[in-house]
Structure formats: structure tokens, C-alpha cells
Amino acid sequence: MGFEQRDRIGQYLVPHLSEMVFDELSDGYLKKAGIADIMTGVPVPIRKEELNSISTLAIARNMAFVIGCDPGFQYKENYISYILRTFDKRFAEGLIADGVEGAARNDFEYACIQFRAAMQIDPENANAYYCYGRACKDAYEACEEEEMVGRYKAESLEAFEIATIKDPQLAEAFYFLGYGYVNLGLYIKAKLTWDEFMKLSTDEELKKEIAGRLAQLEQPVKIEKGYNLVLSGKFEEGIAALSPYTDGEYASWWPLWYYLGAAYEGLERDEEAAACFIEVLRFSPSNAEAMKELIHIYEKLGDEEKASKYRKKLEIVQENARKDRADAELLRREDTKLN
């Protein structure tokens with residue numbers, strides 16, 4: 001999943017490495033085991049409670065735990081080579097089973113660590129990605145910290161996407177991926193994903209559920225097509241597609257008003273654009289992007305009083321966001337100390 005470039009949740013998992021101490025295996029053991037070429041000078045992780053009963057299996061499991069916590073660990077490649085040489089890529093199956101047990105007892109961080117390790121040991125194992133997506137989903141549903149929720153959501157979505165690529169027959173991954181797209185407002189993608197689920201699944205109860213969801217997506221899909229028209233610069237067509245939804249059950253969708261505002265602004269119909277962005281703030285009061293658009297429009301219209309009003313609102317929103325991030329980071333550090 002490109003952990004080395006973008007490890008979204010590693011900061012929550014790395015503190016678990018405090019469970020380990022590191023020591024090097026003797027030269028004699030390395031030669032006897034036939035691993036001197038990959039493990040000379042490489043410290044191995046040992047759990048504190050295992051110091052008097054070290055086994056080959058325990059070393060391998062601890063190595064997997066370390067790279068599950070921190071895929072950028074200095075000796076990651078050595079650890080993977082050790083595991084594959086001492087066992088083979090089927091070692092990942094045991095990690096997946098252990099992760100499933102962890103998730104069953106609501107230890108989602110432990111589950112994520114095991115699944116992340118399995119994905120690195122056997123990168124083609126679709127089930128590892130699927131289970132990781134499930135664990136991340138369970139983790140963010142049990143969490144209230146906004147930044148953490150966002151990070152786990154992004155991980156979950158990407159894991160389900162990769163699972164469907166690794167195994168295009170894995171119906172369950174398409175099931176959860178569809179919900180992930182819906183949560184992001186990507187209704188066209190959700191429809192296509194659930195269409196695929198309906199072709200693959202043999203679970204009649206779940207198919208009935210998704211059939212109902214697909215029926216509910218009919219209008220949202222049309223609205224999203226309207227968004228895409230605006231994004232492609234077809235402003236008049238976008239307005240025509242979106243305007244029918246400004247009354248009725250979708251009138252409270254702030255993105256509907258945002259894209260209408262963008263379309264009117266693209267046509268230099270500034271008063272109508274401003275009215276739309278004000279509607280955005282009615283349904284999404286802290287929407288910084290809408291405030292920025294209103295500042296720009298009122299500056300353009302020479303209405304300094306209104307421009308100043310939204311500058312002040314934007315400053316308050318941005319300051320509150322900074323405070324929320326700082327508070328969340330403080331809580332995370334305190335939790336880390338306690339654990």
C-alpha cells in the first residue's frame with residue numbers, strides 16, 4: 001500500500017514497539033541456521049516476557065510485529081527475508097488468523113499490525129488487504145478523534161480497493177468498498193462497485209440490502225454527474241442538471257450548492273454564486289472553502305463590508321481547526337504515555 005511513502009496510521013501503532021527489546025543472534029547460531037548472509041549485524045526483536053524462551057517461531061512473529069507497526073523499519077527487508085527463508089509466504093496466513101482473533105476481541109490496533117505484516121510478507125494475498133480494510137473500518141467506527149477517523153477511513157478505502165484488484169472475485173471487498181465510496185460522496189463509483197458485488201455475491205440477504213442501496217443511489221448518481229459537468233467547465237449544463245434538486249430531499253446537500261456556486265461563478269454571475277455559497281454555509285457552517293469563495297466574490301464586487309465579515313469567520317474557523325488538531329495530538333501523546 002505504499003507504506004514507506006505514506007503511512008497514515010503508523011503513528012498510532014509504532015508505540016507498541018515498546019513491548020520489544022532488540023539483540024543480535026550469535027555468529028554460531030547464524031551459521032548453523034544458514035542465515036548469516038541476511039542476519040549478520042541485524043538486531044532481532046524479542047518480547048520482554050520471552051527473554052528466557054526464544055524460539056525461531058517467536059523471532060519470526062516478533063519480526064512481523066515490528067514491520068506491521070513500522071513498515072519503514074531499518075531492517076525490514078532482512079526480517080522479511082528471514083521469515084520467507086525460515087518458513088515461506090504462507091506465514092502470512094497465520095498472521096491473518098491472529099489478526100482476525102484480535103479484531104474479534106476489539107483490539108483493532110493489534111489486528112491492523114498483523115494484517116499490515118501479512119501484506120508485506122505476501123503482497124499478493126487479497127485476504128490480507130480485505131481484513132486490513134475491515135479492521136481499519138472497525139477502528140474508525142469505534143473512534144471519536146476526527147483526525148484518527150480520517151486516517152483510518154482512508155486506509156480502509158485503499159485496502160478494499162487493492163483487495164478487489166488482487167482478487168476480482170472477492171465479493172465482500174466490493175460490498176465494503178461501495179460503502180466507502182458512498183461515505184465520500186462518490187456515488188458513481190459506489191454504483192459501479194455494487195453492480196460488481198451483485199454479479200459476484202451468492203449471499204441473498206446482502207444482495208437484497210445492496211439492491212435497496214442501488215435504488216437509493218439513482219438520484220445521487222445524477223447529482224454527481226452534474227458535479228462532473230461543472231468540474232469539466234460545462235457550467236450551463238451543470239446548472240441545468242443540478243437546479244432541479246435545490247428543492248426536495250437533496251436541498252440540504254451542501255456540495256450541491258457549492259458546485260452550483262462554482263458554476264455561476266464560472267459564468268461570472270457573481271450574485272447568484274454568492275447566494276449559493278451562503279446556502280453552503282447554512283448546511284455546513286464551518287466550510288472554509290465556501291468562505292474563501294465569498295471573500296473572493298465580495299472583493300470582486302467591491303463590497304468590503306461583506307468581504308471583511310467572511311474573512312473574520314474564516315479566521316475563527318481556521319483557529320478552531322488548529323486548536324482541535326493540537327488538542328487531539330496532546331491526547332494522543334498522553335494515551336501513548338499511559339500505554
Side-chain angles (χ1 to χ4, degrees), residues 1-3 6 8-9 92-93 95-104 106 108 111-112 114-116 118-120 122-143 149-229 231 241 245 249-250 253 255-256 259:
M1 290 182 64
F3 289 125
R6 182 184 56 192
R8 298 183 184 95
I9 67 170
E93 294 295 338
L95 298 174
I96 293 171
D98 202 19
V100 170
E101 289 182 9
N106 295 330
F108 302 124
C112 285
Q114 298 302 95
F115 298 139
R116 281 156 59 100
M119 288 153 50
Q120 294 172 80
D122 184 5
E124 297 307 310
N125 192 315
N127 199 38
Y129 293 93
Y130 168 72
C131 290
Y132 182 52
R134 289 288 305 273
C136 288
K137 178 178 180 294
D138 290 340
Y140 75 69
E141 288 179 346
C143 176
V149 168
R151 288 175 178 272
Y152 275 95
K153 273 189 176 182
E155 281 291 277
S156 178
L157 183 75
E158 185 176 353
F160 288 134
E161 286 178 331
I162 296 175
T164 63
I165 294 169
K166 299 290 184 183
D167 183 359
Q169 303 301 311
L170 189 55
E172 294 86 352
F174 286 95
Y175 172 86
F176 286 103
L177 181 57
Y179 277 108
Y181 286 142
V182 167
N183 289 337
L184 290 176
L186 300 174
Y187 303 114
I188 295 173
K189 279 191 171 184
K191 180 185 183 305
L192 294 173
T193 299
W194 276 338
D195 283 343
E196 196 63 27
F197 167 79
M198 295 295 282
K199 295 177 188 175
L200 295 171
S201 180
T202 58
D203 188 321
E204 294 303 322
E205 185 174 345
L206 287 184
K207 288 177 73 173
K208 183 178 179 180
E209 173 193 328
I210 295 305
R213 296 291 186 184
L214 285 167
Q216 294 171 357
L217 282 182
E218 183 177 348
Q219 297 306 313
V221 164
K222 290 180 180 179
I223 293 172
E224 188 181 350
K225 288 179 179 178
Y227 298 166
N228 291 336
L229 288 170
L231 289 171
Y245 298 100
E249 63 179 309
Y250 301 104
W253 282 20
L256 170 69
Y259 283 101

Practice problem: Check Tyr250 against Gln216 and note the closest heavy-atom contact, atom names and distance. | Solution: OH-O, 4.1 Å
Exercise. Please name the pair of heavy atoms, one in Ala118 and one in Leu95, separated by the smallest distance, quoted to 0.1 Å.
Key: N-CD1, 3.9 Å
Exercise. May I ask you to decide if Ile9's main-chain N or O and Arg151's side chain share a donor-acceptor pair within less than 3.5 Å?
Key: no
Quiz item: Without hydrogens or angle criteria, can the side chains of Glu93 and Asn125 be said to hold a donor-acceptor pair below 3.5 Å?
Solution: yes
Practice problem: For Gly102 and Ala111, work out which heavy atoms get closest and say how close. | Solution: C-CB, 4.3 Å
Exercise. Applying side-chain contact (heavy atoms from CB on, under 4.5 Å), run through Tyr129 and Ile165 and close with a yes or a no.
Key: CA-CA 10 Å; Tyr129 293 93; Ile165 294 169; over 6 Å; no
Quiz item: Looking at Asp122 and Ala92, what are the two nearest heavy atoms and their distance?
Solution: CB-CB, 3.8 Å
Quiz item: Stepwise, does the side-chain contact (heavy atoms from CB on, under 4.5 Å) test hold for Phe115 with Ile96?
Solution: CA-CA 6 Å; Phe115 298 139; Ile96 293 171; 4.1 Å; yes
Quiz item: Would you find a donor on one side and an acceptor on the other, under 3.5 Å apart, between the side chain of Gln120 and the backbone of Arg116?
Solution: yes
Quiz item: Checking side-chain contact (heavy atoms from CB on, under 4.5 Å) for the pair Asp138/Tyr152: CA distance, chi angles, key distance, verdict?
Solution: CA-CA 9 Å; Asp138 290 340; Tyr152 275 95; over 6 Å; no
Contacts table for residues 171-185: side-chain donor-acceptor under 3.5 angstrom, sequence neighbours left out:
unit_1: Tyr175; atom_1: OH; unit_2: Glu209; atom_2: OE1; d: 3.2
unit_1: Tyr175; atom_1: OH; unit_2: Glu209; atom_2: OE2; d: 2.8
unit_1: Tyr179; atom_1: OH; unit_2: Glu209; atom_2: OE2; d: 2.3
unit_1: Tyr179; atom_1: OH; unit_2: Arg213; atom_2: NE; d: 3.1
unit_1: Tyr181; atom_1: OH; unit_2: Glu161; atom_2: OE2; d: 2.6
unit_1: Asn183; atom_1: ND2; unit_2: Tyr179; atom_2: O; d: 3.4

Practice problem: Using modelled atom types only, decide if a donor and an acceptor are shared between the side chain of Thr193 and the backbone of Lys189 within a distance under 3.5 Å. | Solution: yes
Self-check item: N/O donor-acceptor pair under 3.5 Å between Tyr132 side chain and Gln114 backbone
Solution: no
Exercise. Just do the side-chain contact (heavy atoms from CB on, under 4.5 Å) check on Asp167 and Tyr130 with the steps written out, would you?
Key: CA-CA 10 Å; Asp167 183 359; Tyr130 168 72; over 6 Å; no
In a table with atom names and distances, give each donor-acceptor pair under 3.5 Å that connects a side chain of residues 221-229 to protein atoms at least two apart or in another chain.
unit_1: Glu224; atom_1: OE1; unit_2: Tyr187; atom_2: N; d: 2.5
unit_1: Glu224; atom_1: OE1; unit_2: Ile188; atom_2: N; d: 2.7
unit_1: Tyr227; atom_1: OH; unit_2: Leu256; atom_2: N; d: 3.3

